[in-house]
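Below is one structure, written out as structure tokens, with a few remarks after it.
Quick note: numbers below take in every heavy atom, side chains included, and nothing from hydrogens, waters or symmetry partners. In what follows, residues are counted from 1 in the order of the sequence shown. Start at 1 and go down the list; that is how both ligands and their atoms are numbered.
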Amino acid sequence: MKKHLLPVLLFAAAIIAACSGSPSAGANQITLEVSNLQYQPATMEVTAGQPVRLTMRNNDSVEHDFSIMEIPMAAMGATAEPMAGHEMGGMTADPQLHMVAAMGATNTMEFTPTKPGTYEFFCTVPGHKDAGMKGTLVVKAP
Ligand SMILES: [Cu+2]
């Protein structure tokens with residue numbers, strides 16, 4: 001009985017390690033600050049095929065998000081429930097890339113853009129994009 005327990009535990013540990021959202025080695029780390037309805041920086045540059053670990057820090061006293069309507073990518077994951085309690089007023093289609101940060105909170109997601117190009121990102125909270133909450137993600141060819 002005792003003999004068989006260790007391999008089982010090791011196997012379980014391996015599964016847990018594989019499923020945890022630990023940062024990919026070599027991921028391109030970007031921190032996006034949001035203050036007064038502005039993304040900082042408003043332009044970000046990444047490379048196609050390389051994982052991006054994007055952290056958004058919301059310094060405002062209202063909820064914000066980060067959305068890109070269409071972007072070809074290999075993977076996406078957010079550390080928190082990406083849509084928890086989130087109101088996307090007036091949106092007729094779901095953005096492909098989407099992450100919410102509550103007031104004063106930080107959220108992180110990882111994705112790998114696969115196609116070079118220029119992609120607009122913005123906040124889906126009503127009025128925020130019009131107030132200036134938008135920016136550009138440039139995906140360069142590797
Ligand atoms: Cu916003």
- Query: Ion pair present between Glu45 and Lys140, side-chain N to carboxylate O less than 4.0 angstrom?
  - Reply: yes

- Query: Would you say the side chain of Val139 lies within less than 4.5 Å of the side chain of Lys115, judging by non-hydrogen atoms?
  - Reply: no

- Query: Are Thr124 and His98 side-chain neighbours, meaning at least one heavy-atom pair lies under 4.5 Å?
  - Reply: yes

- Query: Do the non-hydrogen side-chain atoms of Cys123 and Lys129 ever get within less than 4.5 Å of each other?
  - Reply: no

- Query: Which protein N, O or S atoms lie under 2.8 Å from the Cu ion (ligand 1)?
  - Reply: His64 ND1, Cys123 SG, His128 ND1, Met133 SD

- Atom CE of Met44 and atom OG1 of Thr31: how far apart are they, to the nearest 0.5 Å? 10.5 Å

- Message: Does any part of the side chain of Phe121, heavy atoms only, come nearer than 4.5 Å to the side chain of Leu32, both counted from C-beta?
- Response: yes

